[in-house]
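To start, the structure under review is shown below, and the notes come after it.
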Amino acid sequence: MKSLLDQFDVDARKIGHMLEDAVGGAEDGELYLEYSESEGLVFDNGRLKTGTFNTGQGFGLRSVAGEVSAYAHSGDLSLKGLERACDAVKTVRSGKGGSYAVFPPGTNRKLYGEENPIGSPSFEEKVKLLETIDAHARNLDDRIRQVTVSLAANWQIVEILRLGGELVRDIRPLVRASVAIVAGDGDRQETGSHGFGGRAGFEDFLTEDKWQYAVDEALRQALVNLEAVPAPAGTLDVVLGAGWPGVMLHEAVGHGLEGDFNRKKTSAFAELMGKQVASKGVTVVDNGTIEGRRGSLSVDDEGTPTNETVLIEDGILVGYMQDRQNARLMGMKPTGNGRRQSYAHQPMPRMTNTYMQSGEHDPEEVIASVKNGIYATSFGGGQVDITSGKFVFDCTEAYEIKDGKVGAPLKGANLIGNGPEAMQRIAMIGNDMKLDTGVGSCGKNGQTLPVGVGQPTVRMNQMTVGGTGA
């Protein structure tokens, strides 16, 4: 596909002059252009319930001076629309002066090609596959009461133009498939779900073994929850499973390590750089360079190449995730974490793929070390207060641990704590780090973005567990 700049139907040099006139004299800014296509299908109760297809395009123009930014955006890629945007953002430099921030170092790394995942398989083939998955699931167990299968795909092209004519382009495919099953026994019914996806075409994910595994996992979780007993309440040792439970790390710790919260000193981790914020052995990184992962990009939405950024190393806070504005104001380097939901939004520091690295313990050894506690392998919703670090997370799959052995499944378990304090309660770290299956999304200030999470099996001592059992 040709450059999005061509949509303005004027010479690229003229656009460069307009950008110079609008942003010159400010400290930073860019013209961000986007084209996207998205498709979604939901098969529920034996029929196609929803089928959507959307295309969108637009631009956002930003000028930044100190802590102030002016932003104008439009879905109209026309010269007239750009002229109005330029007039709007000039106001930020009023009374300002200074040097324009240098363009981020370039990279030849391109994580993804030009292929659009939406066209293959065809719409008809996808509907047929959904029917096949639904029929397969319903034949597995007579306790199944409802099956919901969904497919979603997005293809995004972004271009970032900065002063001097530097143009960065990134292609971003994204697909996701998920299965949810409701199983019942008498008056009781429970839900299980499993999803998978990443930044590639559907052909890399919609293999028979993968969708059958998703169905089996969704059914297994639903049947486990049917047998679950009320979770105990109190102070217990907790073992978190590998992979998706890293969502708790993402929420309770990750957001607190984003640059804007620390610059404004509204994070529980503010002013703790270089200090012990977690148990020894704990290393946490944010890595946007892992090919195919949901949170991975060649460059962020300001044109900075993504990086592997170490946040906590052996328990010591050593880094924050930064966009350009907050990095400059804090005297630090941008880390490639300036992200935005679309051309209608300004960038801000956001996570990509955030995870804890492996330790040295065998996972079975971690579980065997607990005399009385719970083993949480999946989480649902949660709430976090960035300023205090306090969090509450719902366990969607958890088990009791008695004398080092996994016991009965538990229902209604909540983990309650404080992010920085919880990191100090980590007592054992497994050697089995894995990333989630490619389903994570993250919200911040009204913007939702795809992200990845992960961790090894981890033991946390004396955590507060909310439940309804004795």
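Not measured: the values here are computed from a predicted model.
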Exercise for the section: Would you give the length of the straight line joining atom CG of Asp141 to atom CG of Asn139, rounded to the nearest 0.5 angstrom? Expected result: 11.0 Å

Exercise for the section: Would you check if there is a donor-acceptor pair between the side chains of Arg145 and Gln189 at a distance under 3.5 Å? Expected result: yes

Practice task
Compare all side-chain heavy atoms of Asn154 with those of Glu37 and state whether any distance is below 4.5 angstrom.
Solution key: no

Completion exercise
Smallest heavy-atom separation, His255 atom then Phe261 atom, equals O-CD1, 3.1 Å

Practice task
For Glu159 and Leu33, indicate whether the former's side chain and the latter's backbone hold a donor-acceptor pair under 3.5 Å.
Solution key: no

Completion exercise
Closest heavy-atom pair, Phe202 versus Pro117, reported as atoms and distance to 0.1 Å, is CD1-O, 3.6 Å

Handout entry: Salt-bridge contact Arg324-Glu302 (side-chain N to carboxylate O under 4.0 Å)
Key = no

Practice task
Could you tell me whether the side chain of Thr335 and the main chain of Gln322 form a donor-acceptor pair under 3.5 Å?
Solution key: yes

Handout entry: Check: His194 main-chain N/O paired with Glu217 side-chain donor or acceptor under 3.5 Å
Key = no

Problem - Cation-pi check, Arg340 onto Tyr32 ring (under 6.0 Å, within 45° of axis) - result: yes

Practice task
Output the distance between atom CZ (Phe196) and atom OG (Ser178), rounded to the nearest 0.5 Å.
Solution key: 8.5 Å

Practice task
Would you mind reporting whether Leu41 and Leu48 have side-chain heavy atoms less than 4.5 Å apart?
Solution key: yes

Problem - Side-chain H-bond candidate by donor/acceptor type, Ser36 with Gln57, under 3.5 Å - result: no

Exercise for the section: List the steps, then state whether side-chain hydrogen bond (donor to acceptor under 3.5 Å, both in side chains) holds for Asn353 with Ser296. Expected result: CA-CA 7 Å; Asn353 306 297; Ser296 294; 2.9 Å; yes

Handout entry: Check: Ile160 and Arg169 side chains under 4.5 Å, non-hydrogen atoms
Key = no

Handout entry: Pair Lys444 + Glu258, salt bridge at N-O below 4.0 Å
Key = yes

Completion exercise
To the nearest 0.5 Å, atom CZ of Arg143 lies from atom CD1 of Ile181 at 11.5 Å

Exercise for the section: Answer yes if the side chains of Asp260 and Gln325 hold a donor-acceptor pair under 3.5 Å, and no otherwise. Expected result: no

Problem - Any donor-acceptor N or O pair under 3.5 Å, side chains Ser441, Arg294 - result: yes

Practice task
Please answer whether the main-chain N or O of Val453 pairs with a side-chain N or O of Asp436 as donor and acceptor at a distance below 3.5 Å.
Solution key: yes

Practice task
Look at the side chain of Ser267 and the backbone N and O of Gly256, then say whether any donor-acceptor pair between them is shorter than 3.5 Å.
Solution key: yes

Exercise for the section: May I ask you to say whether Arg172 pairs ionically with Asp170, meaning some side-chain N is under 4.0 Å from a carboxylate O? Expected result: yes

Handout entry: SB check Lys411 Glu190 (cutoff 4.0 Å)
Key = yes

Problem - Ile15 vs Phe8 side-chain heavy atoms within contact, under 4.5 Å - result: yes

Practice task
Ignoring hydrogens and angles, state whether a donor on the side chain of Thr289 or Asn307 is under 3.5 Å from an acceptor on the partner side chain.
Solution key: no

Exercise for the section: Could you tell me whether the side chain of Thr55 reaches within less than 4.5 Å of the side chain of Tyr35, counting heavy atoms only? Expected result: yes

Handout entry: Within 45° cone of Phe123 ring axis and under 6.0 Å: Lys128 NZ or CZ
Key = no

Problem - CZ-CD distance between Arg162 and Glu166, expressed to the nearest 0.5 angstrom - result: 8.0 Å

Problem - Glu30 side chain to Ser63 backbone, donor-acceptor under 3.5 Å - result: no

Exercise for the section: For the residue pair Thr148 and Asp44, confirm or rule out a side-chain donor-acceptor distance under 3.5 Å. Expected result: yes

Handout entry: SB check Arg350 Asp300 (cutoff 4.0 Å)
Key = no

Handout entry: Gap between atom SG of Cys442 and atom CD of Gln447 - 0.5 Å precision
Key = 10.5 Å

Practice task
May I ask you to test the Tyr355-Asn287 pair for a side-chain heavy-atom distance under 4.5 Å?
Solution key: yes

Problem - For Val175 against Ala153, the heavy-atom pair lying closest together - result: CG1-CB, 4.0 Å

Handout entry: Atom CZ of Arg13: over 12 foreign heavy atoms under 6.0 Å
Key = no

Exercise for the section: Could you check if a side-chain atom of Lys14 sits within less than 4.5 angstrom of a side-chain atom of Leu79, using non-hydrogen atoms only? Expected result: yes

Exercise for the section: Check whether any side-chain N or O of Glu39 sits under 3.5 Å from a backbone N or O of Leu151 as a donor-acceptor pair, and report yes or no. Expected result: no

Problem - Main-chain N/O of Met351 paired to Arg339 side chain as donor or acceptor, under 3.5 Å - result: yes

Handout entry: Pairing of Glu291 and Arg199 as salt bridge, 4.0 angstrom limit
Key = no

Handout entry: Between His345 and His73, ring centroids under 6.0 Å
Key = no

Fill in the blank from the handout: Scanning both residues in full, the closest heavy-atom pair of Tyr320 with Phe269 reads OH-O, 3.6 Å

Problem - Pair Thr266, Thr387: side-chain N/O donor-acceptor within cut-off below 3.5 Å - result: no

Practice task
Using a strict 4.0 Å threshold on nitrogen-to-oxygen distance, state whether Arg220 and Glu397 make a salt bridge.
Solution key: yes

Problem - Ion pair check, Arg328 and Asp323, cut-off under 4.0 Å - result: no

Problem - Minimum-distance pair of heavy atoms, taken over all atoms of Ser3 and Leu167 - result: OG-CD2, 4.1 Å

Fill in the blank from the handout: Output for pair (Glu251 CD, Thr354 OG1), nearest 0.5 Å, gives 10.0 Å

Exercise for the section: Without swapping roles, check the side chain of Arg62 against the backbone of Ala70 for a donor-acceptor pair under 3.5 Å. Expected result: no

Practice task
Could you tell me whether Lys126 and Glu124 make a salt bridge, using a distance below 4.0 angstrom between a side-chain N and a carboxylate O?
Solution key: no

Exercise for the section: With sequence neighbours left out, write down each residue that passes salt bridge (Lys or Arg N to Asp or Glu O under 4.0 Å) with Asp76, or none if nothing qualifies. Expected result: none

Problem - Heavy-atom check, side chain of Phe43 versus side chain of Thr50, under 4.5 Å - result: no

Practice task
For the pair Asp385 (side chain) and Ser388 (backbone), establish whether a donor and an acceptor sit closer than 3.5 Å, ignoring hydrogens and angles.
Solution key: yes

Practice task
Answer yes when Arg138 and Asp134 have at least one side-chain N-carboxylate O distance shorter than 4.0 Å, and no when they do not.
Solution key: yes

Practice task
For Thr352 and Asp286, test the side chains for any donor-to-acceptor distance below 3.5 angstrom and give the result as yes or no.
Solution key: yes

Exercise for the section: Give the minimum heavy-atom separation between Ala344 and Tyr71, together with the two atoms involved. Expected result: C-CE2, 4.0 Å

